[in-house]
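All remarks here apply to the structure that follows.
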Amino acid sequence: MAVKLILADIDRTILPEGERSVSARTVAAFHAARDAGIHVGPASGRGHAWMPSLFGGDERCCETCIATNGNQVFLDGRKLREAHFDEESLAVVAACVRDIGGAGLVAFDGATPVLVEGRLEDLEPIFPAYADACRSDGDGGPVGLSGLSATKANVFMGADGRRADERATRDLVAMLNRDIPGLDFDFPELGYVNVMPEGWNKASGIDCLVEALGISLDEVVVFGDAGNDLSMFAHVPDSVAVANATEEAAAAARWHIGACRDDAVAAAIEALVRGEWPFVG
């Protein structure tokens with residue numbers, strides 16, 4: 001069956017650690033897929049407003065996408081769904097992390113990150129780009145939730161100027177999932193936690209796209225590297241992990257390719273456009 005939809009996580013899947021934009025080859029591969037009649041785009045924890053800059057300003061690369069881990073879904077530039085966190089639900093999250101050393105909550109007012117709880121000095125080593133753009137009280141402290149309508153929110157946890165370790169991050173995710181009803185939390189990377197409405201994730205976002213396109217999951221290929229890709233890896237038969245994926249993600253994927261930094265996803269998309277099947281177990 002021909003591939004009709006290709007989705008790729010961004011960070012450490014098509015965007016190497018420390019880089020500000022994906023490679024020219026990745027952008028070209030996305031365009032080749034589009035030209036071949038294949039819908040292609042990112043499936044990321046990044047907010048939709050942040051995505052074009054990661055593709056060198058090319059908005060066409062993210063006209064079809066899953067953003068904020070399923071909180072936003074777009075098809076050909078048309079919004080299929082978007083979550084909005086109310087002040088009450090985010091206040092519960094803020095209260096839950098308030099007494100955890102180095103922890104905090106950032107929510108996004110459009111493209112602007114807002115420090116709801118915690119300190120910028122603890123966010124900075126975890127996600128420096130968000131810390132640089134973050135709205136705070138002017139002294140690196142929180143500004144609260146007043147008037148904020150967010151589509152993206154993240155809990156973070158630093159430790160002595162660095163990211164928290166894996167055990168601490170997983171314990172934080174487990175605590176949040178246990179103690180806060182109506183929201184789901186997952187683990188994309190050390191010291192960083194995604195916040196979604198209950199039942200919303202990359203897999204449910206894929207279902208939105210599949211339904212709108214009138215295709216089956218057998219016509220979808222997804223690429224990823226980490227914990228927030230597990231829902232789509234479990235949901236889509238043709239799931240692909242890059243070589244630098246976490247052990248958990250690699251074990252969950254059906255297929256495996258080379259590393260992010262070697263443009264392995266771009267090479268795989270080029271092969272799919274040619275009608276080849278480039279994957280091995």
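Residues take their numbers from the sequence shown, with the count starting at 1.
Outside the 6.0 Å centre-distance limit, the rings of Phe156 and Phe127 are not counted as a close aromatic pair.
Evaluated for a salt bridge (charged side-chain N to carboxylate O under 4.0 Å, His left out) with Lys202, the options Asp184, Asp207, Asp186, Asp229 yield exactly one hit, Asp229.
Distance alone, capped at 3.5 Å, places no donor-acceptor pair between the Asp122 side chain and the Met157 backbone. A donor-acceptor pair under 3.5 Å links the side-chain atoms of Asp137 to the main chain of Asp139, judged by distance alone. At least one donor-acceptor pair under 3.5 Å links the side chain of Thr68 to the backbone N or O of Gln72. A distance-only check finds a donor-acceptor pair linking the side chain of His256 to the backbone of Ala250 [under 3.5 Å]. Of the possible polar contacts, one joining the Glu219 side chain to the Ser216 backbone as a donor-acceptor pair under 3.5 Å is found. Looking only at distances, a side-chain donor or acceptor of Ser44 sits under 3.5 Å from a matching main-chain atom of Arg46. At least one donor-acceptor pair closer than 3.5 Å links the side chain of Ser204 to the backbone N or O of Asn201. Looking at Arg34, its side chain does come within 3.5 Å of a backbone N or O of Arg60 through a donor-acceptor pair.
Atoms CE and CG, on Met51 and Leu54 in that order, are 8.0 Å from each other to the nearest 0.5 Å. Going from atom CG of Leu230 over to atom OG1 of Thr246 covers 6.5 Å, rounded to the nearest 0.5 Å.
Here the shortest heavy-atom pairing between Val114 and Asp109 reads CG2-CB, 4.0 Å. Looking at every heavy atom in both residues, Lys152 comes nearest to Gly45 through NZ-O, 2.7 Å. Here the shortest heavy-atom pairing between Leu183 and Ser89 reads CD1-O, 4.2 Å.
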Practice prompt. Decide yes or no on side-chain contact (heavy atoms from CB on, under 4.5 Å) for Phe233 and Val222, but give the supporting numbers first.
Written response: CA-CA 7 Å; Phe233 279 11; Val222 297; 4.1 Å; yes
Practice prompt. Determine, stepwise, if the pair Tyr192 / Phe187 fulfils ring pair (Phe, Tyr, Trp, His ring centres under 6.0 Å).
Written response: CA-CA 7 Å; Tyr192 203 64; Phe187 171 26; over 10 Å; no
Practice prompt. Give the C-alpha distance, both sets of side-chain angles, the deciding distance and a yes or no for side chain to side chain donor-acceptor pair (under 3.5 Å) between Asp238 and Trp255.
Written response: CA-CA 7 Å; Asp238 289 312; Trp255 308 108; 2.8 Å; yes
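Between Arg12 and Glu189, at least one side-chain nitrogen of the basic residue sits less than 4.0 Å from a carboxylate oxygen of the acidic one, meeting the salt-bridge criterion. Between Glu124 and Arg162, no side-chain nitrogen of the basic residue sits less than 4.0 Å from a carboxylate oxygen of the acidic one, so the salt-bridge criterion is not met.
Put simply, Val92 and Val97 are part of the same group of oily side chains (I, L, V, M, F, W, Y) that touch within less than 4.5 Å, one to the next. Both Ile269 and Phe55 are assigned to one and the same hydrophobic cluster, defined by single-linkage of ILVMFWY side chains at heavy-atom distances under 4.5 Å. Both Val221 and Val242 sit in one connected hydrophobic cluster of ILVMFWY residues. Membership requires side-chain heavy atoms under 4.5 Å apart, directly or through other members.
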